[in-house]
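Taking it in order: structure first as structure tokens, then the write-up.
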Amino acid sequence: RWSPLAPGGGMPQRVGGGGGSAGGPVRDRGEDSTFRAFRGPGIGAAVATAALFNGGGDSSAMGYVAQSLEEYVFEDLETFWKWCPTPVDGLHRCGLLMKLFDYCGLTRKENKIANKVRRLDIELRALGVMATDQVEAHQRVSYEAFVQSRRLHEAVVRCSDARVAWEQKRRVGKCAEGRTPLALWVHSIISQVETGQSQA
């Protein structure tokens, strides 16, 4: 399984399988197993704890500070996944898209225009997060397919707005609400519907 840093490098890595059924239990945000899902020299637990109690990927209040944009992006993907929270076998494909809009602050029905949702779905499919071109019944997206996706991580890192957010976090210790790397990347993708552009 991929991680932005090699084992022992300080970033959390998920261990164990992602089994379960569609009706399986939901991981509670206060569940002890959250912390058992990580390994590494203490920092994994710090990031996990911060993700639970500090919205928007800000873990500095818990004593851990991302050392690079790459770490910050991985941390933000983790934060999003815990924020949902998700069943043990992952999020339904359509549910994932809706949650990504919500994570950006686009919570109203009129924000979730069909062509914008479709644009985000196409991009995630192109990055390998979605397994098929079309939505299939009972199709779910796993933790490994989303949070540990190297291609998604790299796409967010390349987002110019995400780089600006990282610089702000370095200066003031946190980013503005709703302006985390993942949220800004989603905004950049769906805004292409209005501009007619495609992601480089």
Side-chain angles (χ1 to χ4, degrees), residues 14 18 20 22-31 34 37 47-59 61 72-131 135-136 138-149 151-153 155-157 159 161-162 164-166 168-169 174-195 199:
R14 189 173 179 84
V26 173
R27 292 183 298 151
D28 184 79
R29 296 176 81 178
E31 191 175 351
T34 299
V47 174
T49 305
L52 296 180
F53 297 104
N54 294 276
D58 180 13
S59 61
Y72 187 32
V73 169
F74 186 82
E75 180 185 317
D76 194 26
L77 293 172
E78 284 276 359
T79 299
F80 166 77
W81 198 257
K82 294 178 179 66
W83 168 81
C84 290
T86 60
V88 293
D89 58 343
L91 278 170
H92 189 277
R93 180 170 177 166
C94 293
L96 171 62
L97 294 168
M98 295 300 99
K99 289 294 186 181
L100 285 168
F101 272 72
D102 291 342
Y103 195 63
C104 297
L106 303 174
T107 58
R108 303 180 65 170
K109 185 177 180 180
E110 53 266 32
N111 295 140
K112 299 167 183 175
I113 302 170
N115 57 350
K116 291 188 175 184
V117 175
R118 178 61 178 160
R119 180 69 191 86
L120 181 58
D121 183 74
I122 290 172
E123 189 66 25
L124 289 171
R125 169 56 180 149
L127 294 171
V129 174
M130 309 303 196
V135 178
E136 298 179 356
H138 311 301
Q139 184 179 19
R140 291 182 175 272
V141 180
S142 69
Y143 170 97
E144 289 77 12
F146 186 83
V147 177
Q148 291 191 333
S149 168
R151 293 170 66 189
L152 174 60
H153 180 272
V156 177
V157 168
C159 177
D161 289 339
V164 172
W166 166 242
Q168 179 183 8
K169 182 176 174 64
K174 63 181 180 180
C175 58
E177 184 177 357
R179 294 188 61 80
T180 66
L182 177 60
L184 291 167
W185 177 80
V186 171
H187 271 293
S188 74
I189 296 301
I190 63 178
S191 66
Q192 294 167 17
V193 173
E194 300 167 354
T195 62
Q199 183 82 345

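- Taking both residues in full, the closest heavy atoms of S188 and C159 are given as OG-SG, 4.0 Å, listed atom of the first, atom of the second, then distance.
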**OP:** Go through the steps for W81 and L77 under the test side-chain contact (heavy atoms from CB on, under 4.5 Å), then give the verdict.
**Re:** CA-CA 6 Å; W81 198 257; L77 293 172; over 6 Å; no
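- For the atom pair CZ (F146) and NZ (K99), the distance works out to 13.0 Å, reported to the nearest 0.5 Å.
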Original post:
Can V117 and F101 be said to form a side-chain contact (heavy atoms from CB on, under 4.5 Å), step by step?
Top reply: CA-CA 8 Å; V117 175; F101 272 72; 3.9 Å; yes
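- For the pair L124 and L100, the minimum side-chain heavy-atom distance is below 4.5 Å.
- One finds the OH atom of Y103 at 8.0 Å from the CZ atom of F80 (value rounded to the nearest 0.5 Å).
- Going from atom CG of D102 over to atom CE of M98 covers 8.0 Å, rounded to the nearest 0.5 Å.
- Summarising the geometry, atom CG belonging to N111 is positioned 4.5 Å from atom CG belonging to L106; distances are rounded to the nearest 0.5 Å.
- Summarising the geometry of H92 relative to H138, their closest heavy-atom pair is NE2-N, 4.1 Å, with the distance given to 0.1 Å.
- Distance alone, capped at 3.5 Å, is enough to place a donor-acceptor pair between the R151 side chain and the A126 backbone.
- For the side-chain contact (heavy atoms from CB on, under 4.5 Å) with H153, the lone residue among V73, D76, L182 that qualifies is V73.
- Of all heavy-atom pairs between P87 and R140, the closest is CG-NH1, 3.8 Å.
- Shortest non-hydrogen contact noted between F74 and V147 is CE1-O, 3.9 Å.
- When every heavy atom of S149 is checked against every heavy atom of V129, the shortest pair comes out as OG-CG2, 4.0 Å.
- Atoms NE2 and NZ, on H187 and K116 in that order, are 9.0 Å from each other to the nearest 0.5 Å.
- Note that the CG atom of D121 and the CG atom of L97 stand 5.0 Å from one another [nearest 0.5 Å].
- Ring geometry for W166 versus Y72: interplanar angle of 30 to 60°, hence tilted.
- M130 and R125 get closest at one heavy-atom pair: O-NH1, 3.0 Å.
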